[in-house]
Structure formats: structure tokens, C-alpha cells
> 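One structure is given below, represented as C-alpha cells, and several questions about it will come after.
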Amino acid sequence: MKTFPDGFLWGGAIAANQVEGAYLTDGKGLSTSDVQPQGVFGAVVERVPGDSGIKDVAIDFYHRYPQDIALFAEMGFSCLRVSVAWTRIFPNGDENAPNEAGLAYYDKLFDELAAHNITPLVTLSHYEMPWGLVKQYGGWGNRKTIGFFERYARTVFTRYQNKVKLWLTFNEINMSLHAPMTGVGLPEESSREQVYQAIHHQLVASALAVKACHEIIPDARIGNMLLGGLVYPLTCKPDDVFAALQENHTWQFFGDVQCRGVYPGYMLRWFRDNHISLTITDEDREALRSTIDFISFSYYMTGCVTTDETLNQKARGNILNMVPNPHLQSSEWGWQIDPVGLRTLLNVLWDRYQKPLFIVENGLGAKDNVEADGSINDDYRINYLNDHLVQVREAIEDGVEVMGYTSWGPIDLVSASKAELSKRYGFIYVDRHDDGSGTLARSRKKSFWWYKDVIASNGGSL
Ligand code: BGP
């Protein structure tokens, strides 16, 4: 029986805006997520008093976290990835003092995890920022946002220094290219130069958070978080192979800056070729030298590129708009399922950076059917996760250092891309539906028992 290394962290990953609800409770301010009711690619809709959206309640984790954490503990989780909602701590983003009620909430959450021996892995900003910073300052387009973020980061590091030793800066930081409002608080129609300037500010802020974390919590480790968007050449034509290399650079750029502390040459050339000129100060260059301790990433799918325009049609629902791979099946949402790609990606990242890796999201979004007796037989989810975890084990045998695996959405939650509840990832079912109906009751799916066995056997049951 092949098992995973001792101390491998097993668990799940959730994000504040997709589970908590309570969107104005205890002094919380509006976030970009609150004004994007249709999800990360959706338009901004200004809130009016009395309106409501699916995320306002989400799955009510804000109030039900003790019960949910007990269920995670029952599965044997040793780790839970959560995010802090920046707007619970600094409701508008620019206050001089933090909101005590928001800080107290996460104290209780971390205490509950500790009571179950579950290690928290905490993302500072998961697809949200204070809406106030967008409206009043222009989001990450404004250099001042770096300072606001640094203050927020220092506040939470100081407050939770004895409770949280694993941190991540920005969720899927490379998604800023595809969803500028969600990533950097810029309108969709922003120019590439504006988006890259905002990304530069965010990369500096990420590095300053790394520095602050090392200063305030010397025994903590802090990582980045990339959308692991591995791209294949559609054919072995050399032009396609090079196109794939360049497409991979679009996400590797973020990892390169965060791991190496300098802008890579290929990016400087791309900026030159595209007449993009960024303002990068000596102070910024100095800040970027604070590099991350480990790399975390999400993995859902792969895609292909080709220089052949006739083949360059877009994949249905594929968030990266890549050419479909004829050798792969797709999920109901058009995401192409590729377990071997996860082994490849782990090897690519390890070869490139030689830093420990953490798979902090992976999972299958699917519609679940509740049987008359209340059972949910989600064998499709079990198969998906089993196939991926087998490849993780292979990568570990290849010599890749993997710290842990937190599957996405261990409990059903609101999807990020479309703000749906019918796209479910959980081992735990939540009785809530796209129209807002449902009791919010929790129940165990078949995959709950499967994951429990995987963890109990440290991967031996795969
Ligand atoms: C990642 C996000 C998550 C999560 C996941 C699944 O990109 O970091 O927040 O939601 O994708 O995507 P979706 O919810 O759109 O199915």
C-alpha cells in the first residue's frame, strides 16, 4: 500500500465571500464580491438598500462554522484553507483602526479549528477587496492601495500570530488578467498597460506582506497562489510548442516574480513589443526581493494553444478560453478533466522553482441528485478526486515536495465564476438552491466517507 509522506496536510479550501454570507454583519463593509452578484466575470451592480443576492447569505458559514468544522474534523482534516474578508477588518479599506468585531470573528474561527487539531491555511485576499478602495482610489490601479493592503496584512499577522502559521497572499493572482475587477479592482475595459501596472502594485504588496509576515511571525511560512493553468501545444508543430511556452509564461510570470524577486526577461520583452511602459521604482524593486516560502496553486483543467487560426475556436465554458484537447473529457461546465496534467504541473513547478508545493484547490463542480432516502451518490466526484490524488502520489514519487492537498469546496458553496449554488463541489451537501430556497441543512454525500478513508489511510486507500 503506497501512502503519502508523514505530516502531509489533508483537508479542504473555502473562501470568505463564497461561504460566509453575513455580508454587512458586525461592521463588515461592501467588497468587490458583494457588488458582482453574477460572479467574478460579472458586471458591477451597485447595491441598493433591501436588495439581495445569493452571496449575501451564501451557506451561512459565518454563523454555522462550529457545525461545519465538526464535520471537517469527522472526515479527519488536518488542514482547512480559509480566507479573511478584508472588509471585516477594514470595512472601507482606508480606516486608521481595524474593526474589532471582524478581528474577533476570525479569532473564534481559528480557536474552533485549533480545538479540532486542524491547521489553518489563510488567504489574505481571495477574489475580493474593499469596494471603498475601488470607488475612492481606483483599486490596485492606485499605488496607495499597496499601503492599505500592507496595513491590513500587518494587522492580521499581529493579531493571529499565535494561531496561524501558514499564509497565502492573493488567490489566483494571475486571474487579474482575465477578470480585472475581481483581481485588481479595475473596470473590464481597462487597457493592458493599466492592468499590468495594477498587477505590479499587487506584486509589490504581496512581497511586502511576505516581509511583514517574516518579521511578525518568524516561524510562519507564507506562499503565493496561482491558478495552475497548464497549457499544451495542440500539435507538435514547433510554432505550436513555442506558443504553448509563451502561453504558460502568462501565469509563470507571477510565480517568477514572487519566487525570484525580479521581472523575467521574457516579460520585459513582451512589454517592449506591446508598447507597455510601467512605473517601477527602486523602492518597488527592493520590495520585490522578499520572496515566498512555498508555492500554492489551484488545479482544475488544462487547455491547448495553436498558431493555426482555423483551429483556434474557444472551449465552451473553459475559463481560460483555450482550445479544447481532443483527448480529454469535460465536466458539465466545460472544464477539461486531466489528472495526468496535475502530475505534469507539479513536476514543472518543482523543476522551475525548487520550492515546496501546496495544492490548495482541486475538485469537480457537478450537479448532485438527492435520492428519496436523502443519500447522494456522487461517484463522479470520487472518481475525479481519486484519479487526481493518484497523480499527486506519482509526483511525490518523482521527487516533488508536496506539503498538502486541500480540495476545493469540501462543503457546497457559491461558485466564483457564475455565483451558482447548483455547481457543487462538496463532500457535504448544503440544502440551498440558486433561487435562494432551501433550509441550509447539511448532509454527508457518499464522497464524505470516501475522503475520510483516504485521509485515515494517508492516501493508502486510493
Ligand atoms: C477558483 C477560485 C475559487 C473557486 C474555484 C472553482 O478559480 O479560486 O474561488 O470558486 O475556482 O470555480 P467555480 O466556483 O467557478 O466553479
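We count ligands from 1, going down the list as the structure has it; atoms in each ligand are counted the same way.
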> What residues form a side-chain contact (heavy atoms from CB on, under 4.5 Å) with Ala198, not counting sequence neighbours?
Trp140, Val184, Leu186
> Tell me which part of Trp333 gets within contact of ligand 1: side chain, backbone, both or neither, using heavy atoms under 4.0 Å.
neither
> Does a donor on one side chain and an acceptor on the other come within less than 3.5 Å for Thr302 and Gln336?
no
> Would you mind listing which atoms of ligand 1 come within a distance below 4.0 Å of any non-hydrogen atom of Lys423?
13 (P), 15 (O), 16 (O)
> Does Met225 come within less than 4.0 Å of ligand 1, judged by its heavy atoms?
no
> Heavy atoms only, cut-off 4.0 Å: how does Ser417 contact ligand 1, side chain, backbone, both, or neither?
both
> What part of His126, side chain, backbone, both or neither, has a heavy atom within less than 4.0 angstrom of ligand 1?
side chain
> Look at the rings of Tyr152 and Phe90 and say which category their plane angle falls in: under 30° parallel, 30 to 60° tilted, over 60° perpendicular.
perpendicular
> Give the numbers and elements of all ligand 1 atoms closer than 4.0 Å to a heavy atom of Tyr425.
6 (C), 12 (O), 13 (P), 16 (O)
> If the plane angle is over 60° it's perpendicular, under 30° parallel, otherwise tilted; pick one for His200 and Tyr263.
tilted
> Would you check whether Leu227 reaches within less than 4.0 Å of ligand 1, judged by its heavy atoms?
no
> Examine Ala416 against ligand 1 and note whether any of their N/O atoms are separated by less than 3.5 Å.
yes
> Does any N or O atom in Glu172 lie less than 3.5 angstrom from one in ligand 1, N or O only?
yes
> If we set the cut-off at 4.0 Å for heavy atoms, which region of Gln18 has an atom near ligand 1: side chain, backbone, both, or neither?
side chain
> Is it true that a side-chain atom of Asp434 and a backbone atom of Ser422 form a donor plus acceptor pair closer than 3.5 Å?
yes
> Mind telling me whether Phe427 and Tyr451 have parallel, tilted or perpendicular rings, with 30° and 60° as the class edges?
parallel
> Go through the side-chain N and O atoms of Arg47 and Tyr23 and say whether any donor and acceptor fall under 3.5 Å apart.
yes
> For ligand 1, does Tyr299 get within less than 4.0 Å through its side chain, its backbone, both, or neither, judged by non-hydrogen atoms?
neither
> With sequence neighbours left out, write down each residue that passes salt bridge (charged side-chain N to carboxylate O under 4.0 Å, His left out) with Arg260, or none if nothing qualifies.
Asp256
